[in-house]
Q: 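Supplied in structure tokens, the structure appears directly below.
Positions are given from 1, in the same order as the sequence printed here.
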Amino acid sequence: MTGFRTELARALRLMFLLTVPSTIGLMMLAEPIISVLYQHGRFDAFEAAQAGGALRFYAIGLAGYAALKVLVNAFYALDRRKTPMVVSFLAVALNLLFNWVFTFRLHWGIADSRSPRDALRRAISWCSTP
């Protein structure tokens, strides 16, 4: 089991090595990316800036989402299939709560609620690993 945990930690380190620079790049270049892809026709500079803000918040959750993909496969390898299911049900409840808070109370948006949900989901999964 020690070897498995070592390899899991190595996989997570490699995953963070790839996703953290991607997150930084997406956050820094969000508006230029959106303006190149969409700012023509019906999409003006204001909408490009708004979509760039959404892309920034999606980028924050990138590392959590990628870590979750590694951890779910680790649970399946350990034949603990119920743990990812329970974490997913909890994530749905958190998603509903965060969507309500971020959309109706803070007036931000759904993209803002996904990143904390993915981070909490990753933390719960990591704490549940043997």
Side-chain angles (χ1 to χ4, degrees):
M1 191 57 85
T2 308
F4 180 79
R5 194 152 177 81
T6 304
E7 287 300 315
L8 181 61
R10 181 175 170 262
L12 287 171
R13 278 194 306 272
L14 287 173
M15 182 271 318
F16 281 123
L17 180 71
L18 294 173
T19 57
V20 169
S22 300
T23 298
I24 293 169
L26 278 173
M27 290 182 74
M28 289 175 50
L29 300 172
E31 286 182 19
I33 289 171
I34 295 295
S35 65
V36 165
L37 292 176
Y38 296 114
Q39 191 175 338
H40 52 82
R42 295 183 187 167
F43 223 76
D44 64 6
F46 176 72
E47 279 108 10
Q50 293 291 347
L55 180 59
R56 279 190 193 95
F57 277 102
Y58 278 123
I60 292 170
L62 183 65
Y65 183 75
L68 195 63
K69 292 298 181 185
V70 172
L71 289 171
V72 166
N73 289 333
F75 281 114
Y76 290 151
L78 292 173
D79 201 30
R80 292 180 58 190
R81 285 173 253 135
K82 290 183 182 177
T83 305
M85 181 187 66
V86 170
V87 171
S88 292
F89 285 146
L90 182 60
V92 168
L94 283 172
N95 195 26
L96 290 172
L97 175 70
F98 286 155
N99 283 344
W100 182 77
V101 168
F102 281 96
T103 304
F104 297 114
R105 292 293 173 204
L106 298 176
H107 304 290
W108 288 355
I110 292 176
D112 308 330
S113 69
R114 287 185 56 96
S115 298
R117 185 214 53 196
D118 287 341
L120 284 171
R121 197 171 162 195
R122 182 191 57 82
I124 292 168
S125 293
W126 178 253
C127 292
S128 323
T129 55

Q: Find out whether Leu17 and Met15 are in side-chain contact, i.e. whether some heavy atom of one side chain is under 4.5 Å from a heavy atom of the other.
A: no
Q: Determine whether a donor-acceptor pair (N or O, by modelled atom type, separation under 3.5 Å) exists between the side chain of Asn95 and the backbone of Ala91.
A: no
Q: When hydrophobic residues are tied together by side-chain contacts of less than 4.5 Å, even through go-betweens, does Leu18 share a cluster with Val70?
A: no
Q: Please report the shortest heavy-atom distance between Gly52 and Ala30, naming the atom on each side.
A: O-CB, 3.3 Å
Q: Quick one: pull up CZ in Phe57 and CG in Leu26 and give me the separation to the nearest 0.5 Å.
A: 14.0 Å
Q: Side-chain contact, heavy-atom cut-off 4.5 Å: Leu14 with Arg10?
A: yes
Q: Run the side chain to side chain contact (heavy atoms under 4.5 Å, CB included) check on Arg56 and Ile60 step by step: do they pass?
A: CA-CA 7 Å; Arg56 279 190 193 95; Ile60 292 170; 5.8 Å; no
Q: Going from CG on Leu68 to CG on Asn73, what distance comes out if it is rounded to the nearest 0.5 angstrom?
A: 9.5 Å
Q: Working to the nearest 0.5 angstrom, can you tell me the gap between Leu8 CG and Arg13 CZ?
A: 10.0 Å
Q: Output the distance between atom OH (Tyr58) and atom CE (Met27), rounded to the nearest 0.5 Å.
A: 14.5 Å
Q: Do Ile34 and Phe43 come within less than 4.5 Å of each other through their side chains, counting heavy atoms only?
A: yes
Q: Run the side chain to side chain contact (heavy atoms under 4.5 Å, CB included) check on Thr83 and Met85 step by step: do they pass?
A: CA-CA 5 Å; Thr83 305; Met85 181 187 66; over 6 Å; no
Q: Which distance, rounded to the nearest 0.5 Å, do you find between the CD of Gln50 and the CD of Glu47?
A: 8.0 Å
Q: To the nearest 0.5 angstrom, please state how far the CG atom of Leu62 sits from the OG1 atom of Thr19.
A: 5.5 Å
Q: Hydrophobic clustering (ILVMFWY, side-chain heavy atoms < 4.5 Å, transitive) - are Val86 and Val92 grouped together?
A: no
Q: Are Val20 and Leu71 co-members of a hydrophobic cluster defined by side-chain heavy atoms under 4.5 Å apart?
A: yes
Q: Is the closest side-chain heavy-atom distance between Leu78 and Phe4 below 4.5 Å?
A: yes
